[in-house]
A.B. asks: 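One structure, pasted below without further comment.
What you see is a predicted model, and the numbers here were worked out from it, not measured in a lab. The sequence lines fix the lettering, A, B, ..., with proteins before strands; numbering per chain opens at 1.
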Amino acid sequence: MEESGVQTINIIDAPHHVNERVKIGVWLTDKRSSGKIAFLQLRDGTAFFQGVLLKNKVTPEVFELAKHELRQEASFWVIGEIHEDTRSKFGYEIQIEDIEVIDASEDYPIGNKEHGIDFLLDNRHLWLRTSKPQAMMKIRDRVIRANYEYFGDHGFTKIDPPILTGNAPEGTTDLFHTKYFEQDAYLSQSGQLYEEAGALALNKVYSFGPVFRAEKSKTRRHLIEFWMIEPEMAFMHQEESLEIQEEYVAYLVQKVIDDCSHELEVLGRDPETLKPFTQTPYPRISYDEAIELLQKGGLDVQWGDDFGSPEETFLADHFSKPVFILNYPKSIKPFYMKGHPTRDDVYVCADLLAPEGYGEIIGGSERETDYDTLLQAVKDAGLDPKDYAWYLDLRKYGSVPHSGFGLGLERFLSWITLQDHLRTTIPFPRMLNRLYP
RNA sequence: GCUGAAUUAGCUCAGUUGGUUAGAGCACCUGACUGUUAAUCAGGGUGUCACAGGUUCGAGUCCUGUAUUCAGCGCCA
């Protein structure tokens with residue numbers, strides 16, 4: 001190919017190059033041919049569209065490539081003219097004049113017919129090449145950027161907590177154990193305690209990173225490794241934190257609606273159905289009211305029980321938007337939360353339940369600020385105060401009211417893209433029995 | 001961890017009451033077709049029936065155990 005004057009472009013930019021000769025690096029996703037015309041379905045990672053070859057306009061060698069030699073996922077350069085054409089799904093196509101093969105592809109395992117989830121997860125490194133995973137990764141990227149935008153624009157500083165830790169932030173769940181030279185160490189299951197230190201240093205902070213739970217959870221709502229956003233705000237009580245939470249979630253949803261309409265469509269989520277979620281405030285009910293609602297609905301729960309997924313779904317179904325459940329019993333929430341001012345049996349806390357059965361996407365609370373109360377809570381939780389000495393220090397030197405929350409990225413993505421499992425919202429899911437690829 | 005289901009060709013699956021040589025579609029190869037959209041049409045053969053025992057003249061099919069996967073529950077975000 002001696003094509004010095006031809007511009008190299010991406011498929012996504014094809015509409016700006018109509019009737020121009022261009023060069024594009026592509027992979028083959030599928031092909032069809034007749035005796036004198038061939039259609040190559042192409043992708044380059046920016047979009048999918050098709051190339052058309054007419055037998056009487058290319059050399060016999062090139063037509064033979066298109067008809068026979070090129071296999072699914074072969075990589076090659078195409079040179080040709082961009083045409084607008086309503087018969088093509090993308091609206092544009094390239095009339096191919098020449099093909100320069102880069103690499104062949106033999107026996108590509110993923111076909112264009114249906115596959116089972118186990119096979120697809122075994123081939124996740126290749127499955128990412130297809131349209132639905134690509135749409136999901138683009139939405140995931142947009143949500144991650146929206147996080148940085150939102151907190152950056154609201155005076156937050158990103159503070160990165162350690163992933164290797166010597167103590168268990170919440171003490172209750174199973175942690176991944178490892179060695180830190182001679183000491184025991186654990187993979188972080190939450191950055192929250194460190195974010196509290198950050199908030200007392202920098203006022204409003206947040207973290208975004210992976211966390212690890214060695215729980216034998218085997219459900220559509222759990223991953224072993226997942227990504228969490230954990231903001232923490234000094235001089236802030238819970239009510240103001242709730243206002244930030246709903247404004248933040250509404251912002252994320254709005255950005256996806258604005259910038260990912262094509263990706264939502266690929267994943268089967270009508271953007272119109274997301275619009276109500278951009279309207280704040282979100283409803284708030286107390287844990288007490290939630291129990292009453294559940295009991296009236298015939299569910300077998302008592303005050304003091306934690307909600308399982310049937311309960312969460314039942315509650316969420318009563319509202320057309322995400323709903324905050326306020327002030328849970330102390331017995332089912334972690335030790336660091338602040339006690340209610342007029343009741344000694346509940347914390348000042350809230351979970352945000354997503355609609356449509358997607359469960360808890362945010363858990364948050366005001367934090368305990370009194371040294372002695374927190375010390376007692378550490379002991380009551382069966383934890384060693386020595387391990388939490390630094391955390392207790394935060395209540396010793398200028399303790400202030402502060403509140404924070406954590407949003408599970410994959411839970412959020414699963415909800416706004418209507419996935420039936422978190423595993424499709426992360427590039428390489430770590431699950432109970434899946435560490436590969 | 002509990003409950004239920006599944007495991008047959010590279011993939012997705014069928015396989016009747018236990019009975020000859022194990023079935024289809026897709027993928028792959030050959031040929032036809034100038035607008036295909038999971039193209040269509042004709043032809044071409046895939047195999048440790050998850051593994052280990054057992055019952056039987058005979059087991060993909062029935063029994064026992066094991067492994068793995070899926071779905072739901074519990075725990076949680």
A.B. asks: What integer distance in Å separates A:Leu121:CG from B:A71:C1'?
C.D. replies: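 Rounded to whole Å, this separation is 15 Å.
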A.B. asks: Does OP1 or OP2 of B:C73 have a side-chain N or O of A:Ser309 closer than 4.0 Å?
C.D. replies: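 True: A:Ser309 side-chain N/O within range (under 4.0 Å) of B:C73 OP1/OP2.
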A.B. asks: Can you tell me the base-pairing partner of B:U20? Count Watson-Crick or G-U wobble geometry only, both distances below 3.5 Å, and say none if there is no partner.
C.D. replies: none
A.B. asks: Taking B:C11 as the reference, what is the distance to B:C28 when you measure between their C1' atoms (whole Å, please)?
C.D. replies: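 Comparing C1' positions in B:C28 and B:C11 gives a spacing of 12 Å.
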A.B. asks: Let me know the distance between OH of A:Tyr328 and C1' of B:C76, rounded to the nearest Å.
C.D. replies: 12 Å
A.B. asks: Nearest-Å distance, CZ (A:Phe39) to P (B:C33)?
C.D. replies: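 My rounded result for the distance is 15 Å.
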A.B. asks: Distance check, C1' atoms only: B:U69 and B:U30, in whole angstrom units.
C.D. replies: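 One C1' to the other, the span is 38 Å.
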A.B. asks: Compare the minimum distances between each of B:C73, B:C33, B:G74 and the side chain of A:Ser33, then state the nucleotide with the smallest one.
C.D. replies: B:C33
A.B. asks: With ring centroids as reference points, do A:Phe208 and A:Phe151 lie under 6.0 angstrom apart?
C.D. replies: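 That pair fails the under 6.0 Å test.
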A.B. asks: Step by step, would you call A:Trp227 with A:Arg140 a side-chain contact (heavy atoms from CB on, under 4.5 Å)?
C.D. replies: CA-CA 11 Å; A:Trp227 288 66; A:Arg140 182 183 170 101; 3.4 Å; yes
A.B. asks: Which part of the nucleic acid, if any, lies within reach of A:Lys57 when heavy atoms closer than 4.0 Å are counted: base, sugar-phosphate only, or nothing?
C.D. replies: nothing
A.B. asks: What is the distance from atom CE of A:Met337 to atom NZ of A:Lys330, rounded to the nearest 0.5 Å?
C.D. replies: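 With rounding to 0.5 Å, CE (A:Met337) is 12.0 Å from NZ (A:Lys330).
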A.B. asks: Using a cut-off of strictly less than 4.0 Å, decide whether A:His68 has a side-chain nitrogen or oxygen near OP1 or OP2 of B:U30.
C.D. replies: yes
A.B. asks: Distance between the C1' atoms of B:G23 and B:C49, in whole angstroms?
C.D. replies: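 Those two atoms are separated by 12 Å.
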A.B. asks: Mind checking A:Ile361 for me? I need base, sugar-phosphate or nothing, with any heavy atom below 4.0 Å counting as a touch.
C.D. replies: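 It contacts sugar-phosphate atoms only.
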A.B. asks: Report yes if a side-chain nitrogen or oxygen of A:Arg423 is closer than 4.0 Å to either non-bridging phosphate oxygen (OP1 or OP2) of B:A71; otherwise report no.
C.D. replies: yes
A.B. asks: Can you tell whether the side chains of A:Asp288 and A:Arg343 come within less than 4.0 Å, N to carboxylate O?
C.D. replies: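 Judged by the 4.0 Å cut-off on N to carboxylate O distance, A:Asp288 and A:Arg343 do form a salt bridge.
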A.B. asks: Only one of A:Leu175, A:Leu164, A:Ile163, A:Thr178 clears side chain to side chain contact (heavy atoms under 4.5 Å, CB included) with A:Tyr186; which?
C.D. replies: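 The option that passes is A:Leu175.
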A.B. asks: Could you run through nucleotides 42-50 of chain B and give me one letter per nucleotide, 5' to 3': B if any protein heavy atom sits under 4.0 Å from the base, S if only the sugar-phosphate is that close, - if neither?
C.D. replies: ---------
A.B. asks: Which residue, A:Asp420 or A:Gln41, contacts RNA chain B at a nucleotide closer to its 5' end, judged by nearest heavy atom?
C.D. replies: A:Gln41
A.B. asks: Sort out the partner of B:U69 for me: Watson-Crick or G-U wobble, both distances under 3.5 Å, none otherwise.
C.D. replies: B:A5
A.B. asks: Compare the minimum distances between each of B:C76, B:G31, B:G74 and the side chain of A:Glu311, then state the nucleotide with the smallest one.
C.D. replies: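 In terms of side-chain proximity for A:Glu311, the closest of B:C76, B:G31, B:G74 is B:G74.
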A.B. asks: Over how many whole Å does the gap from A:Ile37 atom CD1 to B:U34 atom P extend?
C.D. replies: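 One finds 9 Å between P of B:U34 and CD1 of A:Ile37, rounded.
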A.B. asks: Looking at the side chain of A:Ser34, which of B:U34, B:U36, B:A71 is the nearest nucleotide?
C.D. replies: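 Nearest listed nucleotide: B:U34.
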A.B. asks: Write out a two-atom table: protein N or O, nucleotide N or O from nucleotides 12-14 of chain B, distance below 3.5 Å.
C.D. replies:
unit_1 : atom_1 : unit_2   : atom_2 : d
B:U12  : OP1    : A:Gly116 : N      : 3.1
B:U12  : O4'    : A:Glu114 : O      : 3.4
B:U12  : O2'    : A:Glu114 : OE2    : 2.7

A.B. asks: Indicate, with a heavy-atom threshold strictly under 4.0 Å, whether A:Glu93 touches base, sugar-phosphate, or nothing.
C.D. replies: base
A.B. asks: Any side-chain N or O of A:Arg434 below 4.0 angstrom from OP1/OP2 of B:U69?
C.D. replies: no
A.B. asks: Does A:Asn56 contact B:U34 through a side-chain donor or acceptor facing the base, at a distance under 3.5 Å?
C.D. replies: yes
A.B. asks: Identify the residue among A:Thr424, A:Ile426, A:Leu422, A:Thr425 that makes a side chain to side chain contact (heavy atoms under 4.5 Å, CB included) with A:Leu413.
C.D. replies: A:Thr425
A.B. asks: B:U34, B:A38, B:G35: which one has an atom nearest the side-chain heavy atoms of A:Gln50?
C.D. replies: B:G35
A.B. asks: Could you tell me how far B:G60 sits from B:U55 if I compare only their P atoms? Round to whole Å.
C.D. replies: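 Here B:U55 and B:G60 have their P atoms 16 Å from each other.
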A.B. asks: Given that both distances must come in under 3.5 Å, which nucleotide forms a Watson-Crick or G-U wobble pair with B:A38?
C.D. replies: none
A.B. asks: Is it the case that more than 12 heavy atoms not belonging to A:Lys132 sit under 6.0 Å from its NZ atom?
C.D. replies: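 For A:Lys132, atom NZ is not crowded (no more than 12 foreign heavy atoms under 6.0 Å).
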A.B. asks: Nearest whole Å is fine: how far is B:C76 P from A:Glu410 CD?
C.D. replies: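 Distance, rounded to whole Å: 19 Å.
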A.B. asks: Does A:Phe428 have its ring centroid less than 6.0 Å away from the ring centroid of A:Trp127?
C.D. replies: no
A.B. asks: Quickly work out the A:Leu299 CG to B:C73 C1' distance and round it to whole Å.
C.D. replies: 14 Å
A.B. asks: Is A:Glu263 salt-bridged to A:Arg269, going by a charged N under 4.0 Å from an acidic O?
C.D. replies: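 No, this pair does not count.
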A.B. asks: Looking only at side-chain atoms of A:Lys218, point me to the closest of B:U34, B:G1, B:U30.
C.D. replies: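 Ranking B:U34, B:G1, B:U30 by closest atom to the A:Lys218 side chain puts B:G1 first.
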A.B. asks: Provide the distance between the two C1' atoms, one in B:G31 and one in B:U68, to the nearest whole Å.
C.D. replies: 43 Å
A.B. asks: Before accepting this row, confirm whether a basic side-chain N of the pair A:Arg124/A:Asp122 lies closer than 4.0 Å to the acidic partner's carboxylate O.
C.D. replies: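 Salt bridge absent between A:Arg124 and A:Asp122.
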A.B. asks: Under a 3.5 Å cut-off for both contacts, is B:C11 paired Watson-Crick or G-U wobble with anything, and if yes, with which nucleotide?
C.D. replies: B:G25
A.B. asks: Does A:Arg221 make a side-chain N or O approach to OP1 or OP2 of B:A71 shorter than 4.0 Å?
C.D. replies: no
A.B. asks: With rounding to whole Å, what would you report as the distance between B:U37 and B:C26 at their P atoms?
C.D. replies: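 Pairwise P distance, B:U37 against B:C26, rounds to 14 Å.
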A.B. asks: The criterion is ring pair (Phe, Tyr, Trp, His ring centres under 6.0 Å); which residues satisfy it with A:Phe63, sequence neighbours excluded?
C.D. replies: none
A.B. asks: Could you check whether A:Ile362 gets within reach of a base, just the sugar-phosphate, or nothing at all, counting any heavy atom under 4.0 Å?
C.D. replies: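 Here A:Ile362 touches the backbone only, sparing every base.
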A.B. asks: Any chance you could measure A:Asp98, atom CG, to A:Lys23, atom NZ, to the nearest 0.5 Å?
C.D. replies: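 Interatomic distance, A:Asp98 CG to A:Lys23 NZ, rounded to 0.5 Å: 9.5 Å.
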A.B. asks: To the nearest Å, how far apart are A:Asn433 CG and B:U69 P?
C.D. replies: 4 Å
A.B. asks: Closest nucleotide of RNA chain B for A:Leu432 versus for A:Leu407: which of these residues is on the 5' side?
C.D. replies: A:Leu432
A.B. asks: Once you apply the 3.5 Å cut-off to both distances, tell me the Watson-Crick or G-U wobble partner of B:A59, or none.
C.D. replies: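 B:A59 is paired with nothing.
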A.B. asks: Whether the side chain of A:Glu215 and the base of B:G1 hold a donor-acceptor pair under 3.5 Å is what I'd like checked.
C.D. replies: no
A.B. asks: Suppose you measure atom P in B:U7 against the same atom in B:C13; what distance do you get, rounded to whole Å?
C.D. replies: 9 Å
A.B. asks: Grab the CG-C1' distance between A:Leu175 and B:C76 for me, whole Å please.
C.D. replies: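 Checked: the CG to C1' distance equals 13 Å.
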A.B. asks: Quantified in whole Å, what is the C1' atom distance between nucleotide B:A9 and nucleotide B:G25?
C.D. replies: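 B:A9 and B:G25 have their C1' atoms separated by 12 Å.
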A.B. asks: Identify whether NZ of Lys or CZ of Arg in A:Lys333 sits under 6.0 Å from the centre of the six-membered ring of A:Tyr328 and within 45° of that ring's axis.
C.D. replies: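 Yes, A:Lys333 and A:Tyr328 form such a contact.
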A.B. asks: Between B:G35, B:G74, B:U37, which one does the side chain of A:Ser217 approach most closely?
C.D. replies: B:G74
